[in-house]
Amino acid sequence: MNGSKNFNRKGRTIAWSSIRWRGEPVYILAGLGSFAEYAVVREASCVPISRDLPLDIAALVGCAVATGVGAAMYTAGVNAGESVAVFGAGGIGLNIIHGAQLCGAQPIIAIDASEAKAALARQFGATHSLPSDETTLAGIQALTGGRGVDRAFEAVGIPVLQERAFEAIRPSGTLTLVGTAPNGSASNLPGAVITRTEKVIRGCSYGSVNPQRDIPLLLDLYAAGKLKLDQLITRRYRLGDINQAYADMLSGELAHGIIVF
């Protein structure tokens with residue numbers, strides 16, 4: 001359980017944990033195991049899947065795919081023909097882009113500081129890509145005839161990007177905040193502008209999915225060739241290489257890294 005002991009923080013209020021490390025409780029996200037060969041989970045957290053599905057592919061659906069695709073399909077409810085901008089083309093952002101494509105959005109604009117991520121976003125349905133800098137908003141205006149997008153998604157959790165995404169939406173448009181911002185951070189979303197323009201800001205937790213219903217649905221889409229999952233795996237690592245996996249993730253090199261036991 002070495003990989004999980006960093007979740008143990010004195011003074012934090014954490015939900016149930018049955019895992020121990022040297023006699024101390026190990027606090028793990030959502031009550032699930034992390035980087036462990038075995039985990040004790042509640043029955044409600046278990047979703048039966050087909051034995052024919054590769055487990056590394058199925059593991060993607062359990063988090064990033066459900067969150068990203070669900071953000072587009074369920075939380076925001078993207079409609080065919082709506083314009084979409086996604087701020088951040090990492091593991092979550094790529095799945096938001098793919099979800100928007102499955103919903104029939106047009107155009108789909110990917111915004112990321114990494115040119116490599118922008119190129120990857122096009123494989124998942126982005127029709128355009130823009131750099132994440134001071135020119136982003138002008139680029140979005142140019143691509144939408146000066147109107148702004150119908151739906152914007154912030155998939156990083158950085159306040160300045162949340163503010164930029166808010167500016168990117170048209171009057172009565174919707175901003176969906178998917179990235180988790182650091183505790184104690186705050187975004188400057190102007191109340192007067194929200195009132196005058198009737199812009200909508202929504203939070204998104206786990207793509208608003210129902211795991212028992214939607215994980216099998218997503219896996220069925222994959223089996224039918226409609227959901228891209230194999231392309232999400234940039235690299236596979238052994239558990240002993242986990243520090244390198246984290247370094248690669250933080251460098252922005254990966255769409256997704258997979259730990260293989």
Side-chain angles (χ1 to χ4, degrees), residues 29-39 41-84 86 88-108 110 117 120-127 150-151 153 155 174 176 178-180 202-237 254-261:
L29 181 64
L32 301 173
S34 181
F35 309 129
E37 293 180 80
Y38 302 98
V41 299
R42 294 185 176 185
E43 183 179 357
S45 298
C46 299
V47 179
I49 63 173
S50 170
R51 291 182 180 274
D52 297 331
L53 286 167
L55 292 180
D56 53 354
I57 295 297
L60 295 172
V61 176
C63 189
V65 175
T67 299
V69 174
M73 285 187 169
Y74 299 129
T75 309
V78 173
N79 296 308
E82 288 187 323
S83 54
V84 167
V86 180
I92 299 294
L94 290 174
N95 285 291
I96 297 173
I97 290 166
H98 198 17
Q101 181 196 43
L102 291 171
C103 291
Q106 176 73 22
I108 302 171
K117 285 287 180 65
L120 188 59
R122 289 180 178 268
Q123 297 181 32
F124 285 85
T127 59
D150 299 302
R151 313 275 186 173
F153 296 83
T174 300
T176 302
V178 188
T180 302
R202 297 198 61 170
C204 171
S205 177
Y206 196 40
S208 305
V209 303
N210 177 329
Q212 300 292 335
R213 176 197 67 193
D214 296 319
I215 288 178
L217 170 64
L218 291 168
L219 289 171
D220 285 346
L221 288 174
Y222 167 72
K226 297 180 179 180
L227 186 65
K228 295 181 179 180
L229 297 182
D230 299 277
Q231 298 89 331
L232 281 172
I233 302 177
T234 309
R235 198 169 302 159
R236 289 172 171 82
Y237 302 85
L254 306 176
H256 269 288
I258 293 289
I259 302 295
V260 181
F261 290 92

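Below, all heavy atoms of this structure are taken into account, side chains as well, without hydrogens, waters or symmetry copies. None of these values were measured; they are calculated from a predicted model.
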Side chain of [X], backbone of [Y]: donor and acceptor closer than 3.5 Å?
X	Y	answer
Arg151	Ala76	yes
Arg236	Ile259	no
Asp150	Ser83	yes
Thr234	Ala255	yes

Nearest 0.5 Å, what's the [atom1]-[atom2] distance between [X] and [Y]?
X	Y	atom1	atom2	answer
Leu232	Phe124	CG	CZ	4.0 Å
Leu219	Asp52	CG	CG	11.5 Å
Leu94	Lys117	CG	NZ	7.0 Å
Met73	His98	CE	NE2	8.5 Å
Ile49	Leu218	CD1	CG	12.5 Å

How far apart are the closest heavy atoms of [X] and [Y], and which atoms are they?
X	Y	value
Ala72	Gly99	CB-C, 3.7 Å
Tyr206	Ala66	CE1-CB, 3.9 Å
Gly207	Tyr74	O-CB, 3.6 Å
Cys204	Val178	CB-CG2, 4.0 Å
Gly88	Ala155	O-CB, 3.9 Å
Thr75	Ser208	OG1-OG, 2.6 Å

Could you walk me through whether Asn95 and Ile92 pass the side chain to side chain contact (heavy atoms under 4.5 Å, CB included) check?
CA-CA 5 Å; Asn95 285 291; Ile92 299 294; 5.9 Å; no
Option passing side-chain contact (heavy atoms from CB on, under 4.5 Å) with Phe153 (candidates Thr174, Ile96, Ile97):
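Of Thr174, Ile96, Ile97, side-chain contact (heavy atoms from CB on, under 4.5 Å) with Phe153 is met by Ile96 alone.
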His256 pairs by side-chain contact (heavy atoms from CB on, under 4.5 Å) with which of Val65, Leu60, Leu229?
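Of the listed residues Val65, Leu60, Leu229, the side-chain contact (heavy atoms from CB on, under 4.5 Å) partner of His256 is Leu60.
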Validation row: Val69, Val209 side chains within 4.5 angstrom (heavy atoms)
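Not in contact.
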Let me see the working for Tyr222 and Val61 under side chain to side chain contact (heavy atoms under 4.5 Å, CB included), right down to the final yes or no.
CA-CA 10 Å; Tyr222 167 72; Val61 176; over 6 Å; no
